[in-house]
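Every number for a ligand or one of its atoms is a count from 1 in the order of the listing. Throughout, residue positions are numbered sequentially from 1 according to the sequence presented.
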Amino acid sequence: MRYGYFDDERREYVITQPDTPLPWINYLGCQDYFGLISNTAGGYSFYRDARLRRITRYRYNNVPLDCGGRYIYVRDNDTGAFWSPSWQPTRSDLEAYVCRHGLGYTTIGSTYKGIEAQARYFVPLHENLEIWQFTLTNRRQGSADLSIFSAVEFCLWDAEDDATNFQRNFNTGEVEVEDGVIYHKTEYRERRRHFAFFGCSEELAGFDTQRDVFLGPYRGWDNPTAVERGRSFNSMAHGWAPVGSHHVKVTLKPTETRDIIFVLGYHENPEEKKFDPPDSQTINKQTVKPVIARYLDETNIDTAFEALCDYWDDLLGILQVETPDVHTNRMVNIWNAYQCMVTFNLSRSASFFESGIGRGIGFRDSNQDLLGSVHMVPRRGRERILDLGATQLETGGAYHQFQPLTGRGNDRIGTGFNDDPLWLILSVVAYLKETGDWAILDEPVVYENQPRTEQSLYEHLQRSLRYTLDRLGPHGLPLIGRADWNDCLNLNTFSDTSGESFQTTTTKDGMIAESVFIAGLFVLAAKELTAIAQWRGLEDEARSYLDAAAKMEAAVLDHAWDGAWFLRAYDDFGRKVGSQECEEGQIFIEPQGFCIMAGIGLQDGLAEKALLAVKERLATPHGIILHQPAYTRYYLHLGEISSYPPGYKENAGIFCQTNPWIMIAEAILGHGDQAHDYYTCINPSAREAISDVHGCEPYVHAQMIAGRAAPTHGEAKNSWLTGTAAWNYVAITQWILGIRPTYGGLQVAPVIPSDWPGFEATRVFRGVTYRISVERAGEGNAVSLTVDGQPIEGNIVPSPQGDQAEVVVEAILG
Ligand code: BGC
Ligand code: NOJ
């Protein structure tokens, strides 16, 4: 069952039924000001940090679902009937409801009793505000006398404190209302220099700023008293819950249309210019007023909207493909790339499943997010890499997360996830291959944000590698620490106390449990660092990294091959995890993917065997599960992984991020059909027809799809903010379609399905546009390349000399 359809031409997903299985959301904003918005106008906004600088409130896991958002009510003043054109919160019986989620904007509209209404929400580039462009049209025979009410609920900035510290927060709320603009200024009197504003283009009939006056006692957003009675109260918030609501009266003749603009935003003043007059407590509005005025003018809004569309066209234009598969095209050209940018911007901080409170920027996460976004935003990728490097510790280890607003490592979660540092090598490599900007390696970067600890980024990378080598276990494999990629494989935790954090409780000294996953990641990273050293002419260093990789590879072959697949780990007793010897959890996906990506087992047939085992034991029609059999009870020595009921999350769910590792491994072995089959199983667009089963948005990947052992096999959760986005993008574009940046040029090495006659692609790489056509002439994956009509050796298109802007590449496959 579907709840809408893809409009590929306009790069939109169109939802035609408001009661989707879950709120299907979109993101507004791409730099500092962000919001998430659902298909029924639910969601919230924040400035840079969803925890520390939250602008509007949202109550997760509430009933009814997804309540709290950017609401507009329309009231028929003749009959008293009122409704929300976005369906929520009144949930009236609308006609022609349509939500269009586009790139950086969302439009929601409907018709009710002859009144057509639609709101377009977006954040203009480089501005810390959002625009709600609301259009009303009278489709009745006679004229319509209407009242419009806007509504947002302000958050008192720190979203965690806001939801818990009521003895203080019920007293601190403050607002100002001036010239029809509502200003939310809680704590501005003391240490904050920022405030929020909510303006409207029309003359107001009234306003409200105190929630419980606007709603009325014991009422919800579905029937506010002010709307019901058709008149605002002009309430001023003193403590309690500040809101912003404007009341506008509109009379429309038949067919007449009217636009009303609302602008909600965030503004900062310099410390010495907070108040006007300076000795008052009144916000100085000198610099904010022109901003508000600019965006209450329709012409400026149209220009801003066009600029936003151009921004996305430019980003997506960097890689466009035309293959025989609509789902591949749609994801590569539009949605997967878009999702990669959203993960780049927000890491794991704010989605329908991530509350924006618990997690800042994940070290491991953001390094991986870069893999799918660095070609679109290389300059921002560079900054991100340097920020990530600055949270590294002198040991080479890394803070697992840091807060975007402060850049400081998050002490609550701390360090000790032993895979973390290695991911930095992969992101830097991706950046270097994309840009050729070798100078980044010489950038001075501090440790742990401490001044005067600068060393070159290259030194940071060396320490990343050393961190693993300094922590080897009894089999010469890397010690796992708190966990590796699989946050829930906690082999040193042994927690028997409910409520204890699996990630931060450590009861073992950590000197025994080893991770084969980290071993694979290490080999891959060490080989990449070897190549970097070689390119820089550092032969001795190159040799030492290569030796380290070879030693680790030998340790894997000696101690981590289980006969038909790679082991997952050794536990704290030195016993195997992910082995035929185990009762449950006999085979895991992660080491199969990572060892093969690292080149282990390619020569001796082990890789082939491991992939066969994955297919036979782990593959399902909904994707590849993490391990099997699922753990049916809690194992003290395994940790959180066995805390989940079988089939969910890390306990044998289809953890989608790992699936592309297998796609890449299949592509490395030349299996184009299998690689693309796996790709299709979890491709959200290809799952659109089963939206009722899948549950999450059909236009973006989810973190997890319930596995075979779960009663709800096939049901997705945790959409949007997941490493699945970047890795799928890498798998399909770089390994299946085979268009891969390398230090020496753009590689074209497709491993595509056997029944594809070929495909076309346009890739902008280091400022040059490559027009690539691939044609299948026979079986297999051998490539013959012609560049601007001249045959070349190998499959790497060298960067053109001089100022040539376009290169034509023809590839014959087979
Ligand atoms: C989740 C993981 C997550 C971890 C850290 C666990 O409960 O299952 O997916 O990585 O928490 O937040
Ligand atoms: C989600 C986390 O964000 C990611 O870093 C981790 O690798 C996976 N969970 C698997 O546990």
Say whether Lys649 and ligand 2 are in contact under the criterion: heavy-atom distance to a ligand atom below 4.0 Å.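 The answer is no, since Lys649 has no heavy atom less than 4.0 Å from ligand 2.
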Going by atom types alone, do His400 and Asn410 pair a side-chain donor with an acceptor below 3.5 Å?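 No pair is found: no donor N or O on one side chain lies under 3.5 Å from an acceptor on the other.
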One thing to verify: whether Asp470 and Arg463 come together as a salt bridge, which I'm taking to mean a side-chain N less than 4.0 angstrom from a carboxylate O.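 No, this pair does not count.
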Which of the numbered atoms in ligand 2 are below 4.0 angstrom from a heavy atom of [X]?
X	result
Asp365	2 (C), 3 (O), 4 (C), 5 (O)
Glu650	9 (N), 10 (C), 11 (O)
Asn486	11 (O)
Gln703	1 (C), 9 (N)

Any chance you could lay out the side chain to side chain donor-acceptor pair (under 3.5 Å) test for Asp411 and Tyr399, step after step, and finish with the verdict? CA-CA 8 Å; Asp411 285 321; Tyr399 265 103; 3.0 Å; yes
Checking the side chain of Ser515 only, and the main-chain atoms of Ile480 only, is there a donor and an acceptor separated by less than 3.5 Å?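 No, the answer is negative, given that no donor and acceptor are paired below the 3.5 Å cut-off.
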Using a 3.5 Å distance criterion without hydrogens, assess whether the side chain of Asn492 forms a donor-acceptor pair with backbone atoms of Gly481.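 Pair found, side chain donor or acceptor close to backbone of Gly481.
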Would you mind checking which non-hydrogen protein atom is closest to [atom], with the distance to 0.1 Å?
atom	value
atom 12 (O) of ligand 1	Arg359 NH1, 3.0 Å
atom 2 (C) of ligand 1	Glu650 OE2, 3.1 Å
atom 3 (O) of ligand 2	Arg359 NH2, 2.7 Å
atom 7 (O) of ligand 2	Trp485 O, 2.5 Å
atom 6 (C) of ligand 1	Glu640 OE2, 3.4 Å
atom 9 (N) of ligand 2	Asp487 OD2, 3.5 Å

Please verify the inter-ring angle class for Tyr58 with Tyr44; under 30° counts as parallel, over 60° as perpendicular, anything in between as tilted.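 Aromatic pair Tyr58/Tyr44 classed tilted.
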Over 60° means perpendicular and under 30° means parallel, so tell me whether His637 and Phe494 are parallel, tilted or perpendicular.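 Tilted, since the angle between the ring planes falls between 30° and 60°.
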Is the closest heavy atom of Gln703 to ligand 1 under 4.0 Å?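 Flag set, Gln703 near ligand 1.
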Quick one, Ile641 and Tyr635 - any side-chain contact, counting heavy atoms below 4.5 Å?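 They are not in contact (no side-chain heavy atoms under 4.5 Å apart), so the answer is no.
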At a 4.0 Å threshold, what atoms of ligand 1 neighbour a non-hydrogen atom of Asp487?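 Contacts of ligand 1 toward Asp487, numbered from 1: 3 (C), 4 (C), 5 (C), 10 (O).
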Under a 4.0 Å heavy-atom limit, does Tyr644 contact ligand 1 with its side chain, its backbone, both, or neither?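 For Tyr644, only side-chain atoms sit under 4.0 Å from ligand 1.
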Quick check on ring pair (Phe, Tyr, Trp, His ring centres under 6.0 Å): which of Phe594, Phe417, Phe655 does Trp485 satisfy it with?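 Testing each of Phe594, Phe417, Phe655 against Trp485, the sole residue satisfying ring pair (Phe, Tyr, Trp, His ring centres under 6.0 Å) is Phe655.
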